[in-house]
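Predicted model only: the values in this text are computed from it and were never measured. The basis for the numbers below is simple: all heavy atoms, side chains too, and nothing from hydrogens, waters or symmetry mates. By convention in this document, chain letters (A, B, ...) are assigned in the order of the sequence lines, proteins followed by strands, and residues within each chain are numbered from 1.
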Amino acid sequence: MQPSAANKKQLVEPFYELSCHNCPVLDCSVLRHCTQDCLEKIDKLKKVVGFFKGQRILLEGNPARGVYFLLQGKVKLFKTDVRGQEVIIRFAKPGDIVGLSVNTERPENEVSATAMEDTMLCHVNHDAFVELLNSDAKLAFELLRFYRAELHKTEMRSLKLATMTVQEKVADALVTIYEAYGAEGKQRTLCLELSRQDIGNLAGTTKEQVSKVLTDLKNKGMIDTNGKQIDLINLSALMQLAGLA
DNA sequence: CCATTAAAGTGGT
DNA sequence: ACCACTTTAATGG
């Protein structure tokens with residue numbers, strides 16, 4: 001089932017897919033509160049799918065295949081603007097839900113998604129999931145809560161993109177990554193390695209500006225960089241820069 | 001080991 | 001912010 005390294009990149013479909021009825025019941029944030037009956041239904045319907053790092057999971061505009069619950073790994077959710085430039089919407093972590101379309105007649109992916117690491121997701125067919133939403137009010141409510149929180153974050157970020165300086169936006173992007181995936185060790189090494197381009201796409205700037213701001217912050221002792229590895233040495237100073245203090 | 005390519009960094013406009 | 005150029009790192013024979 002494991003493809004060779006040579007054809008990894010060409011893969012569009014998940015490298016791994018199976019019906020998995022004896023996996024432990026999902027412990028995703030949204031599903032934690034739904035009824036036993038509902039969990040059993042999901043358990044029967046679900047398929048576990050895997051994607052390699054760098055693989056595309058969703059392509060915006062394509063028909064939505066259903067809903068994905070992120071089990072393991074990290075996923076970048078983004079839109080592509082008129083110039084073909086990526087705009088990063090958010091980073092998903094285990095427990096998050098990805099790929100839900102609100103259009104019930106002709107469901108379409110509203111965002112694109114790629115795996116930042118080897119990733120495992122749990123897939124539930126779109127129509128079946130909508131049916132479950134209709135039958136389990138608690139599930140629907142949890143979903144509402146989840147997207148309400150996401151919407152709030154997105155609103156805050158679009159406000160920032162419009163008003164902040166480049167340095168502030170990059171600092172904010174670093175804090176955003178930290179809040180999404182955390183950091184390891186005393187040095188607070190970010191648990192996600194992004195290209196300068198990706199950081200730019202998150203901060204609403206260019207990769208060149210990101211390079212410059214990063215060396216600037218490094219000289220000020222707020223961060224340390226080693227290739228794509230970034231240490232948040234002075235987190236509170238960064239948060240202050242980002243207006244989060 | 002070297003050659004090719006992609007990404008990072010830098011300076012000028 | 002954008003472009004052009006240099007440097008560095010990663011990849012593959």
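Going from atom NZ of Lys218(A) over to atom C1' of dG9(B) covers 11 Å, rounded to whole Å. Between the NZ atom of Lys212(A) and the P atom of dA1(C) there is a distance of 10 Å, rounded to whole Å. One can place CG of Asn226(A) at 10 Å from P of dG9(B), the figure rounded to the nearest angstrom. If you take CG of Leu161(A) and C1' of dA1(C), they are 16 Å apart, rounded to a whole angstrom. The CG-C1' distance, from Leu217(A) to dA8(B), rounds to 16 Å in whole Å. Distance CD (Gln229(A)) to P (dA10(C)): 12 Å, rounded to an integer number of Å. Taking atom CE on Met164(A) and atom P on dA1(C), their separation rounds to 13 Å, with Å as the unit.
For the pair His123(A) (side chain) and Arg65(A) (backbone), a donor-acceptor distance under 3.5 Å is present. The backbone N or O of Asn201(A) sits nowhere less than 3.5 Å from a side-chain atom of Thr205(A) that would complete a donor-acceptor pair.
The cationic group of Lys74(A) does not satisfy the cation-pi geometry with Phe91(A), failing either the under 6.0 Å distance to the six-membered ring centre or the 45° limit from the ring axis.
Contacts between residues 192-210 of chain A and DNA chain C, defined by a heavy-atom separation below 4.0 Å, involve Thr205(A), Thr206(A), Glu208(A), Gln209(A), listed by number.
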Under 3.5 Å donor-acceptor pairs involving side-chain atoms of residues 209-217 of chain A, not counting sequence neighbours:
unit_1: Thr215(A); atom_1: OG1; unit_2: Ser211(A); atom_2: O; d: 3.4
unit_1: Thr215(A); atom_1: OG1; unit_2: Lys212(A); atom_2: O; d: 2.9
unit_1: Asp216(A); atom_1: OD2; unit_2: Gln167(A); atom_2: NE2; d: 3.2

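Checked by atom type, the side-chain pair Thr80(A)/Glu86(A) shows no donor-acceptor distance below 3.5 Å. Checking Thr165(A) against Glu168(A) by side-chain atom types alone, a donor-acceptor pair falls below 3.5 Å.
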